[in-house]
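One structure below.
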Amino acid sequence: MGGRDTDIVLLDENGIRCDGRKVNETRKVTIKAGVLKNANGSAYIEFGDNKILVGVYGPRDVHPKHMSDTDTGILRCRYHMAPFSVGERKNPAPSRREVEISKVIKEALEPAVMLKEFPRTAVDVFMEVLQADGGTRCAALTGASVALADAGIPMRDLVAGCAAGKAADAVILDVNNEEDQAGQADLPIGYMPNLKKITLLQLDGVLTPEEYKQCIEIGIDGCNQVYEIQKKALQDKFFASGEKQ
Ligand code: UDP
C-alpha cells in the first residue's frame, strides 16, 4: 500500500484497471460445493486468480476438552496459505497474518452459524489458499460460508465477502494484488445479504469520509453479486437432478 510500485498503470485514461476491469466490476467468481469426500462439507472457490479449498468438519467432539462450551457448539477457523500459493515461497508455519485472518473470518462467520443446538462440540473450518492474488480473506470467507451450508450447519444467512478500496485516486471494487500493493486503500467487507448485516470490516490505507461511504456502498453491491454465486453453487449441489429453483 502507498504507491510502492510506480511502474504499474492502475487506471488508464478510459477508466480501465490493470486487469481490464471497470472500477465497479468484480473479478470472475466461481464456486463449487461438495468437492471433498472426507469432509462433512466443502467448497472450492476461484475469485479472480485466487484459488481456495475449504473443508468443514463437525459438529464433533472438542479436543482439548476444556475448550468446549457446555451451552453451545463452538466455531474454529484456520486460514492457511500453501507454500506455492504466492510468488515467493511462503513458510508453511502459521504466520501472524494467517492467525489474524483466521480470527477475523471466525468472527465474521459466527453471527451466521447457529451452534446452540450442539453444546460441547466444535465445527472446524479449514481454508487452504492454493493460489493468492489479493483479497484472499474475502474469498476464503465466501467459500467457508458455502462449505458450512454444504455441511448442513444451521445458518441464519450466508456471509459473502468482497473488498472495495482506492487506487489511482479512484474508488474501486474487488481489489486485486497489484492494486493492494500499489493502491491507496483496501477495505475488505463480509456481509450477510439477507439480514443486511456487515460481519467483517477492515481498512488498510486512508480514505476520506466520502470515499469510505462509497467503498461501503460498492462493497455491499459486490457482496450481493457474490451471494448469488454462493446460492447457485449450493443449488447446483443439492438440486443437481433438475429440481433447480
Ligand atoms: N501475499 C503474499 N505473500 C504473503 C502474504 C500475502 O504474496 O506472505 C499477497 C497475496 O497475494 C495476498 C496479498 O498479498 O492475497 C494481499 O494480502 P493481504 O494481507 O492484504 O490479505 P488479502 O488481501 O489476501 O485478504
Side-chain angles (χ1 to χ4, degrees), residues 1-5 7-8 10 17-19 21 23 25-31 43-54 77-109 125-147 159-168 171-191 198-207 212 215-216 218-220 222-223 225-226 230:
M1 198 90 27
R4 263 174 283 160
D5 193 342
D7 294 341
I8 292 177
L10 291 178
R17 292 153 71 176
C18 58
D19 58 8
R21 283 182 291 153
V23 283
E25 206 179 321
T26 68
R27 290 171 284 186
K28 184 167 187 264
V29 180
T30 53
I31 308 174
Y44 172 67
I45 178 164
E46 292 189 0
F47 208 120
D49 283 336
N50 293 302
K51 298 184 179 186
I52 302 172
L53 198 52
V54 186
C77 293
R78 191 191 76 162
Y79 161 103
H80 181 251
M81 282 178 121
F84 52 80
S85 63
V86 283
E88 196 170 318
R89 178 185 178 274
K90 149 86 185 44
N91 184 327
S95 62
R96 276 181 60 133
R97 175 179 168 276
E98 285 165 303
V99 173
E100 176 221 316
I101 294 179
S102 300
K103 179 178 184 287
V104 297
I105 290 180
K106 172 179 138 73
E107 290 169 358
L109 288 169
V125 181
F126 297 96
M127 292 153 278
E128 282 294 321
V129 180
L130 307 177
Q131 186 168 287
D133 190 43
T136 57
R137 77 196 63 204
C138 289
L141 172 63
T142 300
S145 290
V146 172
V159 186
C162 191
K166 182 181 172 188
V171 167
I172 53 168
L173 181 60
D174 185 19
V175 180
N176 70 24
N177 196 35
E178 283 77 24
E179 292 164 341
D180 186 48
Q181 300 300 315
Q184 294 146 302
D186 180 25
L187 185 95
I189 298 173
Y191 182 64
I198 289 177
T199 65
L200 168 77
L201 188 65
Q202 295 187 287
L203 173 60
D204 182 13
V206 180
L207 293 170
Y212 174 77
C215 278
I216 297 281
I218 65 161
I220 287 177
C223 290
Q225 292 177 44
V226 168
Q230 289 177 302

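One-based numbering, in listed order, for ligands and for the atoms of each. In this chain, residues are counted from 1 in sequence order.
Counting only residues at least two apart or in different chains, side-chain hydrogen bond (donor to acceptor under 3.5 Å, both in side chains) contacts with residues 84-94 comprise K90-E98.
By the side-chain contact (heavy atoms from CB on, under 4.5 Å) test, R78 pairs with H80, F126, E128, sequence neighbours left out. In this view, Y212 satisfies the ring-ring contact (aromatic ring centres under 6.0 Å, His included) rule with no residue, not counting sequence neighbours.
The one candidate from I105, I198, L141 that meets the side chain to side chain contact (heavy atoms under 4.5 Å, CB included) condition with V159 is L141. Just one residue in the list R27, R17, Q225 forms a side chain to side chain donor-acceptor pair (under 3.5 Å) with D174, and that residue is R27.
In terms of modelled atom types and a separation under 3.5 Å, the side chain of E107 and the main chain of V104 share no donor-acceptor contact.
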Under 3.5 Å, N/O to N/O: give me all the pairs between ligand 1 and the protein, one per line with atom names and distance.
residue: ligand 1; atom: 11 (O); partner: G134; partner atom: N; Å: 3.4
residue: ligand 1; atom: 11 (O); partner: N177; partner atom: OD1; Å: 3.4
residue: ligand 1; atom: 14 (O); partner: N177; partner atom: OD1; Å: 3.4
residue: ligand 1; atom: 15 (O); partner: G134; partner atom: N; Å: 2.7
residue: ligand 1; atom: 17 (O); partner: R97; partner atom: NH2; Å: 3.4
residue: ligand 1; atom: 19 (O); partner: R97; partner atom: NE; Å: 2.6
residue: ligand 1; atom: 19 (O); partner: R137; partner atom: NH2; Å: 3.2
residue: ligand 1; atom: 20 (O); partner: D180; partner atom: OD2; Å: 3.2
residue: ligand 1; atom: 21 (O); partner: R97; partner atom: NH2; Å: 3.1
residue: ligand 1; atom: 21 (O); partner: R137; partner atom: NH2; Å: 2.9
residue: ligand 1; atom: 23 (O); partner: G135; partner atom: N; Å: 2.8
residue: ligand 1; atom: 24 (O); partner: R97; partner atom: NH2; Å: 3.3
residue: ligand 1; atom: 24 (O); partner: G135; partner atom: N; Å: 3.3
residue: ligand 1; atom: 24 (O); partner: T136; partner atom: N; Å: 2.8
residue: ligand 1; atom: 24 (O); partner: T136; partner atom: OG1; Å: 2.5
residue: ligand 1; atom: 25 (O); partner: T136; partner atom: N; Å: 3.3
residue: ligand 1; atom: 25 (O); partner: R137; partner atom: N; Å: 3.0
residue: ligand 1; atom: 25 (O); partner: R137; partner atom: NE; Å: 2.8

